[in-house]
Every structure is written in C-alpha cells, then in structure tokens.
Chemist: 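Just passing along the structure, written as structure tokens.
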Amino acid sequence: MTKFEIRGLRADVLISEDERQEILKGVDLTINSGETHAIMGPNGSGKSTLAYAVAGHPRYEITEGEVLLDGENILDLEVDERARAGVFLAMQYPVEVPGVSMSNFLRSSVTAVRGEAPKLRQFSKELQGAMKGLAIDPSFAARGVNEGFSGGEKKRHEILQLEMLKPKVAILDETDSGLDVDALKVVSDGINRAQSDGGLGVMLITHYTRILNYVKPDFVHVFADGRIAESGGPELAEVLESEGYERFVKVGA
Amino acid sequence: MTTTNTEPKAHSHGPGQIPVSKLDTHGSHDVNDFPVPHGREEEWRFTPMRRLKGLHDWSGSVDGTDEVTVDAPEGVTVEQVGRDDERLGTAGLPADRVIAQAYSSFERATVVTVPRSLVADKAIRIDRKALGGTAFEQLVIDVQPMAEATVIISNTGTGVRSGSLDVHVGEGARLTLVSLQEWDDDAVEVSQHNALVAKDADFKSIVITLGGDLVRLSPRVSYTGRGGNAELYGLYFAGDGQHHEHRSLINHNLSNTRSRVDYKGALSGEGAHTVWIGDVIIGEGTEGTDSYENNRNLQLTDGTRVDSVPNLEIFTGEVQGAGHASASGRLDDIHLFYLRSRGIPAEEARRLIIRGYFLDIINRIDSPELREHVMEKVERKLAAHE
Ligand SMILES: Nc1ncnc2c1ncn2[C@@H]1O[C@H](COP(=O)(O)OP(=O)(O)OP(=O)(O)O)[C@@H](O)[C@H]1O
Ligand SMILES: [Mg+2]
C-alpha cells in the first residue's frame, strides 16, 4: 500500500537566468496504490509542469509545498533518487540521447532501480518479452535512446520503461497523444499490465477520453491555471469532452 | 569561440592565372624558408609558444631516445634508413618552421612498405615509447597499388618530439591509419601527417589524442588521381592544462575526389585548451568534389577554452557537395535529466552520455580491443573531475 501526496505545490518555470514565471499555484492531490487519476485541462494550464516538477526537471523550481511518497518528502531527493524511490514519469516529449543504446540504457536503469545488476541472460529475456508485449521490433534495442524514433515509437518505449522499472507511482504525460488506434490499444494494455498486481498508482494526463475507455480512471480532475479546479468520477471526463474547459478557464483567470 | 570562414571564390580570369588562397598549401623542406615565429602568425596564433620547449627556434642538441617495437605481418617490410633515402618527405612539404626543422635535423627514419596487392592479414603496429630528451623523426608508409593495410601507431612516454609522417596510398589501395597520442602529461609533440591519395584509393585516418602537455598535429591530404577518398576522424580529450591542437587540410586538387573530416573533443579541468582548424580547398577547374567536415566539442567544466575554425575555400562552380559544421557546448542537462529520471546516478549518466558522444568516432576503429582501450582511457580522464 503506497500513498502519494502532492500538497500545496507551487512551482516556477525558469525562463532565463533572471526570468521566471509561476505556473503551479497550489496543487493538492492524493493517489493511493492501485488508483488511476486522470488529469485533464487546457493547453498551457501547467499539467506537464506538474509532472516535470515532481520528477525534478532542471528548468522548473518548486517554491512551496511538498510531495510525499509514503510520508517521505521526495523533493529532498535528487532526480535519480526520486526514480529509485519509485516515482516514474512518462514524458510528453521523450528526450533523444544519441549514441547511448536503448539496451545499455535500460540495463543501467534497471540495475539502479533494483539495486543489483540483473543476470544478462535473464535481463535479455525480460526485455525481449516486454518489447514483444508492446509490439516493439527487437532491432530498437540496439538503437540510440529515442534517436530518430517516431512520436508513437517514443511513447511505446516510455511504457516499456514503465514495465521494466515497476515503480510505485507513474505520471503519464499525454502518453496517448500521437498514437494510432492499434498503438493506443497496445500501450493501454501495457499500462494495465503494470497496474495488474494492484500496487501502481497512476496519474494519467490526457486531452482525450479515448484512452479512458481502455485505462479506466477512478477519479477525473480538471487542471486549470496551475491548480486542480474540480474533481469527480469517470463521468466528469464525458462532461469535459462535450462542454470543454470554458467554465474552468473563466474561474481560473 | 567559433569562427567560420566560408568564401566561395570567383574564378580567376586570364590564362595561367592561379587564384591566391588564404590557406597555405605551400611549404618547404628548408627550415630557413620560415622565419622564427613569434606567435601572432595565423598558423601559430592558437599555440602556446612558450610551451613548445624551444622547437620553434631550435638550437639545442638531439638527445632523445625512443624504445620502439614494430610488429608487422608477413610480406610487409619495415626498414631503418638514413637521411639520403629518396622516399622520405615525398607526400607533402613541411608547412611550418617546426616541421621543417625536424626534416632538417632528423638522423634516422623508418620506411614501412606494403607491397603491391598484398592484403595484410593483421594490423602493422608501431609502439613507440619516448624516453625523454628531444628527437626528430621521419616515417614513411607506402601502401602500393591494390594493397590493403591497417597501421596502428602508439605514442607513449615523455620528451619533445617532432616530425613528419608521409603516407602514400597507391592506386586502388586501402589504408587505415590509427595514431594514438597517449603521452605522459609533460610531453610535447608537433607533427604533420601528409597523405597522397591515388586514383580510387581509400585513406582513413583516426587520430586519438589523450595525453601530452602540448600536442599539435596537422593531417594534410592531397590527391594524385580521381576517385580518391580520404576520411579523417579524430577524438581528443584535454584535461587540466593540456593543449590539444589539430589542424587538418584537405586539398581537393583533382576532380571527383571525396573527403570527410569528423573530429570530436572533450575538455575537462582548468586550462584545458583544444584547437581544431579544418581547412578544405576545392581547387580551380575541378568538378565533382564531395567534402564535409564537422567538429564538436564538449566542455565538461569551467576554465576550458575551445577554438574551432572551419575554412572552406572553393575555386570552382562544379562542386558536388561541400559543407561544414562546428559546435561547442556543455553536456546537455536535459539528456542528463532523462537518464537520471530513470534512476541512473549522475556520474553514470554522464559516463553513458560521453561514451555515446564519442561512439561514432570510436566505432571507426576496427579492433575491439583498441576500441575498449580508448573508451577506458576516456573514462579515466572523465573520472578525474567527478
Ligand atoms: N521556457 C518557458 N518560457 C516561458 N513560458 C514557459 C516555458 N516553459 C513553459 N512555459 C509556460 O508554462 C505554461 C505551462 O506549460 P505546460 O507545458 O505545463 O502546459 P500543459 O498543461 O502541459 O499544456 P499542454 O496541454 O499543451 O501539454 C505554458 O503557458 C507555457 O507556455
Ligand atoms: Mg503538457
């Protein structure tokens, strides 16, 4: 049983050396293990900022609040320590790291997160199995991390990492955008597999209800102007899809 | 600092008139043809003259000795020759006073011959450990028509060394030349590699510079026949106070010749200074030249200095392709963030990224042992500032 709590979180985007802008204006959210929380909200409202700030992205600075994983404030931890503590972020725009092969990268990260190097044979088997489950061609293992991957291929590899690293909490930032129908199904299955033992808490950032047909949310939150403006059950997603965010944007402004 | 000179030149007018290039393809074997440089000359302005240990105005004695081991496969000959051997100095003229001085002062030289059509079944290795003092040397590698070979030259130890390496790649021949500069921290090397690439010949040069107090190495290529191909790759890593200078010149003096230059460096520590000068000339009246050069530098700490200067001079309108790129900067913090966000500790993430950065150069080396050796050396230098 894991409890992931975001409390009163405020954060700035660092624009240049002496320019910054507040984006998160007090975010409160609690995710228990096994729960799926969908976050929906207009462009620019700060959803990715929330995801990046929690992960420790260097372009964002948290000015107030805390993020607790089973009571421990992970904001005191370095970026890699947060990941090893069990927080995972699937990025909206995964980063290309040229020259570092996907398989080397995954072996390093699995070793770091599990605290010991997996046996090479066992690791290869596990990786091949996970790739197959996500309909990723084996040749990708030898390519550079996200190097020249299409948008959809990058998203699949984010979920591949989710499955290999088995975190306690996963923030999935628009993992569904840019996916064709088949890929959406494949990726959703991957998320559901990761959650199948009941331990994983998921924060699913999305613009579309399409993915929510496959990955069923327990809660839906409306994110507007740097905070959660309204929360509800799965039915809220339908309302948002038909009515849009207008009402919340006005409230927030 | 990065400066770029790219100047398409107008055709010259009138018969017999030759356009004047700012890039100097001229030179001389006679040291007296070069005035003593003071350091402000174009070809010396990046070099710390005081650390040349007097090479630019030589008056001392030749007192250096080397321990050399040569390992050559069957059929390849390696000869020690005297000053009067006609094969010496035949692939290019010394382009500066130090190289001319070395030519005027050397006593013995080495000639490696790969005879016609011989395909050497293993690499020719020349391991040279310098045992202090100053020495001048000449080396000739003659790969005769249709032959194929790999030559690996390893430089270690300490001292002050200068000289020329003259390479002939005969018609249809192939040569891969790996030159490792793994000197001790107080060594000084100033040298010039001249290559003459014949019709349909293939020349690949891989320069790995990791050691020394000052290394200044000038690879120069010209062609004796159409269809010649020259690829110059480089990897350098300057640590505290080290000066690594690479000055390449590709002279596309004939039509349908190809060249690639790709040098990648890293700098780490106070006073680390690297210089890359990439000169390319596409000659008057030539056509079908295909040329590209690239230089990248990774500045890993404060207190480092990079100079990167591509010079492309084109004297014809009939170029197939010519371009260059040069970029220097810090380790990308977003790359680091991505790897660390997957639990990989900061130092390991840095190591992975830098390995990845050098990978395409290192993969040009055929031998897996040598690739691993270079990677290990790079990682050791990396560890110095963690
Ligand atoms: N470097 C920057 N300089 C200026 N503004 C920035 C910078 N980075 C982010 N922002 C601003 O921060 C705000 C929040 O951006 P964020 O990416 O968190 O939005 P989002 O809710 O994820 O939007 P989307 O739905 O389009 O992905 C936006 O208005 C964006 O323009
Ligand atoms: Mg976003």
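In what follows, every chain begins at residue 1, and chains take the letters A, B, ... in the order their sequences are listed.
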Chemist: Name the option with the most non-hydrogen atom pairs under 4.5 Å to chain B; the candidates are A85(A), P167(A), P98(A).
Modeler: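 Ranked by contacts with chain B, first place is P98(A).
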Chemist: Measure distances from F105(A) to the heavy atoms of chain B and classify the residue's part below 4.5 Å as side chain, backbone, both or neither.
Modeler: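 Both parts, heavy atoms under 4.5 Å.
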Chemist: Would you verify whether the NZ or CZ of K264(B) falls within 45 degrees of the ring axis of Y236(B) while also being under 6.0 Å from that six-membered ring's centre?
Modeler: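 Cation-pi check for K264(B) and Y236(B): fails.
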Chemist: If only atom types and distance count, is the side chain of R143(A) paired as donor or acceptor with the main-chain N or O of S101(A) below 3.5 Å?
Modeler: no
Chemist: Checking P94(A) against chain B: side chain, backbone, both or neither under 4.5 Å from a heavy atom?
Modeler: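 Both parts, backbone and side chain.
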Chemist: Taking the six-membered ring of Y338(B), is NZ or CZ of R340(B) closer than 6.0 Å to its centre and within 45° of its axis?
Modeler: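 Cation-pi check for R340(B) and Y338(B): fails.
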Chemist: For D360(B), which atoms come within 4.5 Å of any heavy atom of chain A: side chain, backbone, both, or neither?
Modeler: neither
Chemist: If you count heavy-atom pairs under 4.5 Å with chain B, which of E158(A), E81(A), R82(A) comes out on top?
Modeler: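 Top count of heavy-atom pairs under 4.5 Å with chain B: E158(A).
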Chemist: Kindly assign one of parallel, tilted or perpendicular to the pair F358(B) and F237(B), based on the angle between their ring planes and the thresholds 30° and 60°.
Modeler: tilted
Chemist: Under a 4.5 Å heavy-atom cutoff, which of I334(B), N363(B), L352(B) has the most pairs with chain A?
Modeler: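 Sorted descending by pairs with chain A, the first entry is I334(B).
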Chemist: V145(A) versus chain B, heavy atoms under 4.5 Å apart: side chain, backbone, both or neither?
Modeler: side chain
Chemist: Looking at the rings of F140(A) and H157(A), which for Trp means the six-membered one, are their centres under 6.0 Å apart?
Modeler: yes
Chemist: Using a strict 4.0 Å threshold on nitrogen-to-oxygen distance, state whether E379(B) and K381(B) make a salt bridge.
Modeler: no
Chemist: Is the side chain of Q181(B) donor-acceptor paired with the backbone N or O of S179(B) at a distance under 3.5 Å, no angle test?
Modeler: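 Yes; at least one donor-acceptor contact below 3.5 Å.
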Chemist: Could you look at R342(B) and say if it's the side chain, the backbone, both or neither that has a heavy atom under 4.5 Å from chain A?
Modeler: both
Chemist: Non-hydrogen atoms of chain B under 4.5 Å away: do they reach the side chain of E96(A), the backbone, both or neither?
Modeler: backbone
